[in-house]
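Structure first, commentary second.
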Amino acid sequence: WKVGWYNAVLQPAFHLPYPDDTLAFVVLSTPSMFEKALKPFVKKERLKVIRDPVDQCVSYHLSRVKEKFPDQRVEVMFDYEILPSRKPKFLAQTAAHVAGAAYYYQRKDVKLDPWGKKKIYGVCIHPRYGGWFAIRGLLLFPDIQVLFLEQPAPVDCVSTEEKRIELLEQFNFHWQDGRYRDIIEVKERYSEEQRAYFATPPAERFRLLGLTQEAQ
């Protein structure tokens with residue numbers, strides 16, 4: 001996608017500091033990431049210092065992507081990074097929407113708003129995975145300008161007013177039970193092991209991956 005598509009829908013404080021035609025990619029993890037990437041990474045690397053295994057796994061794999069382009073400048077941003085101002089480095093759900101990767105459903109997508117003065121957060125839904133995926137980072141190529149790239153529209157897979165209200169209700173008020181993830185019929189979900197991992201408090205997750213306390 002183009003950086004300009006992202007900047008065009010956000011206030012200047014959130015703009016990415018690159019020319020409008022700069023090439024960028026948004027990186028998603030699919031439900032099989034846990035089995036295909038995280039567990040092999042933990043087993044292979046035998047991490048000596050563990051902060052967050054998922055973040056470290058994503059960082060490892062994106063650094064390998066970067067190595068594939070030795071002649072290009074590649075900037076990597078991660079979903080968990082924040083600026084000194086405490087703002088996130090990028091707004092992940094907006095990036096996914098403008099890239100056409102997943103539809104970012106927000107309060108403004110509901111015509112008859114039932115929530116009054118309540119704060120309502122938006123959520124991205126993927127046409128294949130529903131809510132069973134995550135936005136992990138950005139890859140930016142500052143020296144590549146893509147003047148004629150056409151913007152793809154994200155798939156509007158939660159298209160009725162009733163379903164959108166149900167989605168935002170579930171995400172904002174019942175997110176722990178994960179029902180919002182199945183707002184559409186999905187092709188793949190997190191495994192039981194992966195669900196157990198993310199449902200476990202972060203400090204207790206290490207043992208689920210076979211990591212010892214010493215490694216922390």
Please walk me through it: do Cys157 and Ile125 pass side chain to side chain contact (heavy atoms under 4.5 Å, CB included)? CA-CA 8 Å; Cys157 49; Ile125 295 295; 3.6 Å; yes

Criterion side chain to side chain contact (heavy atoms under 4.5 Å, CB included) on Val98 and Gln151, from CA distance to verdict: CA-CA 8 Å; Val98 301; Gln151 185 171 9; 3.8 Å; yes

Stepwise, does the salt bridge (Lys or Arg N to Asp or Glu O under 4.0 Å) test hold for Arg179 with Glu166? CA-CA 10 Å; Arg179 281 182 297 151; Glu166 183 184 341; over 6 Å; no

I'd like to know whether Trp115 forms a side chain to side chain contact (heavy atoms under 4.5 Å, CB included) with Leu168, so could you lay out the CA-CA distance, the side-chain angles of the two residues, the decisive distance to 0.1 Å, and finally the verdict. CA-CA 10 Å; Trp115 298 295; Leu168 294 174; 3.7 Å; yes

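Judged by distance alone, the side chain of Asp109 and the main-chain N or O of Gln106 form a donor-acceptor pair under 3.5 Å. Side-chain atoms of Thr22 never come within 3.5 Å of backbone atoms of Tyr18 as a donor-acceptor pair (strictly under, hydrogens ignored). Using modelled atom types, one side-chain atom of Thr200 and one backbone atom of Ala196 make a donor-acceptor pair closer than 3.5 Å. Of the possible polar contacts, one joining the Arg205 side chain to the Tyr197 backbone as a donor-acceptor pair under 3.5 Å is found. Between the side chain of Gln93 and the main chain of Cys124, a donor-acceptor pair closer than 3.5 Å is present. The main-chain N or O of Asn7 is found under 3.5 Å from a side-chain atom of His15 such that the two form a donor-acceptor pair. The backbone N or O of Leu167 sits nowhere less than 3.5 Å from a side-chain atom of Gln170 that would complete a donor-acceptor pair. Of the possible polar contacts, one joining the Asn172 side chain to the Tyr121 backbone as a donor-acceptor pair under 3.5 Å is found. At distances below 3.5 Å, not a single donor-acceptor pair connects side-chain atoms of Glu161 with backbone N or O atoms of Val110. In this structure, the side chain of Gln194 engages the main chain of Pro31 through a donor-acceptor pair within 3.5 Å.
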Show me the side-chain donor-acceptor pairs of residues 129-136 shorter than 3.5 Å, one per line, residues at least two apart or across chains.
{"unit_1": "Trp132", "atom_1": "NE1", "unit_2": "Asp182", "atom_2": "OD1", "d": "2.9"}
{"unit_1": "Arg136", "atom_1": "NE", "unit_2": "Ser29", "atom_2": "OG", "d": "3.0"}

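In terms of the ring pair (Phe, Tyr, Trp, His ring centres under 6.0 Å) criterion, residue partners of Tyr105 (sequence neighbours excluded) are, by chain and number, Tyr103. With sequence neighbours excluded, no residue forms a salt bridge (Lys or Arg N to Asp or Glu O under 4.0 Å) with Glu169. Partners of Lys187 according to the side chain to side chain contact (heavy atoms under 4.5 Å, CB included) rule, which considers only residues two or more places apart in sequence or in another chain, are Arg128. In terms of the salt bridge (Lys or Arg N to Asp or Glu O under 4.0 Å) criterion, residue partners of Arg164 (sequence neighbours excluded) are, by chain and number, Asp156.
Separating the CG atom in Leu139 from the CG atom in Leu23 is a distance of 9.5 Å, to the nearest 0.5 Å. Taking CG from Leu16 and CG from Leu91, the interatomic distance works out to 8.5 Å, rounded to the nearest 0.5 Å. Taken to the nearest 0.5 Å, the NZ atom of Lys36 stands 6.5 Å off from the OG1 atom of Thr30. Trp1 CH2 to Tyr6 OH: the interatomic distance, rounded to the nearest 0.5 Å, is 6.5 Å. Within the model, atoms CG of Leu38 and OG of Ser32 stand 12.0 Å from one another, a figure rounded to the nearest 0.5 Å. Here Asp21 contributes atom CG and Ile144 contributes atom CD1; the two are 12.5 Å apart, rounded to the nearest 0.5 Å.
Atom CH2 of Trp175 has 12 or fewer neighbouring heavy atoms from other residues, nucleotides or ligands inside a 6.0 Å radius. Other residues, nucleotides and ligands place more than 12 heavy atoms under 6.0 Å from the CD atom of Gln176.
Considering all non-hydrogen atoms of both residues, His97 and Tyr104 come closest at ND1-N, 2.9 Å. Heavy atoms only, all atoms of each residue included: Gly122 and Phe171 are closest at O-CE2, 3.4 Å. Across all non-hydrogen atoms, the minimal contact from Val146 to Lys2 is O-CE, 2.7 Å. Here the closest non-hydrogen pair linking Trp5 and Pro152 is CZ3-CD, 3.9 Å. Across all non-hydrogen atoms, the minimal contact from Lys66 to Val74 is CE-O, 3.0 Å. Shown here for Leu28 and Ala101, the closest heavy-atom pair between the two residues is CD1-CB, 4.0 Å.
Taking Ile, Leu, Val, Met, Phe, Trp and Tyr as members and joining any whose side-chain heavy atoms lie under 4.5 Å apart, directly or through other members, the hydrophobic cluster of Phe148 also contains Leu147.
Relative ring orientation between Phe25 and Phe141 is described as perpendicular, the plane-to-plane angle rising above 60° on a 0-90° scale split at 30° and 60°.
Annotation: side chain of Tyr180 is not in contact with side chain of Phe173 (no heavy-atom distance under 4.5 Å). Using a 4.5 Å cut-off on side-chain heavy atoms (C-beta onward), Val42 and Lys39 make no contact. Between Phe78 and Lys89, the closest side-chain pair of non-hydrogen atoms is not below 4.5 Å.
Judged by the 6.0 Å and 45° rule, Arg195 forms no cation-pi pair with Tyr190. Both the sub-6.0 Å distance and the 45° axial angle are not jointly satisfied by Lys44 relative to the ring of Tyr60.
Both Ile183 and Ile165 are part of a single hydrophobic cluster, where members link through side-chain heavy atoms under 4.5 Å apart.
Side-chain N/O atoms of Ser191 and Glu35 include a donor and acceptor closer than 3.5 Å.
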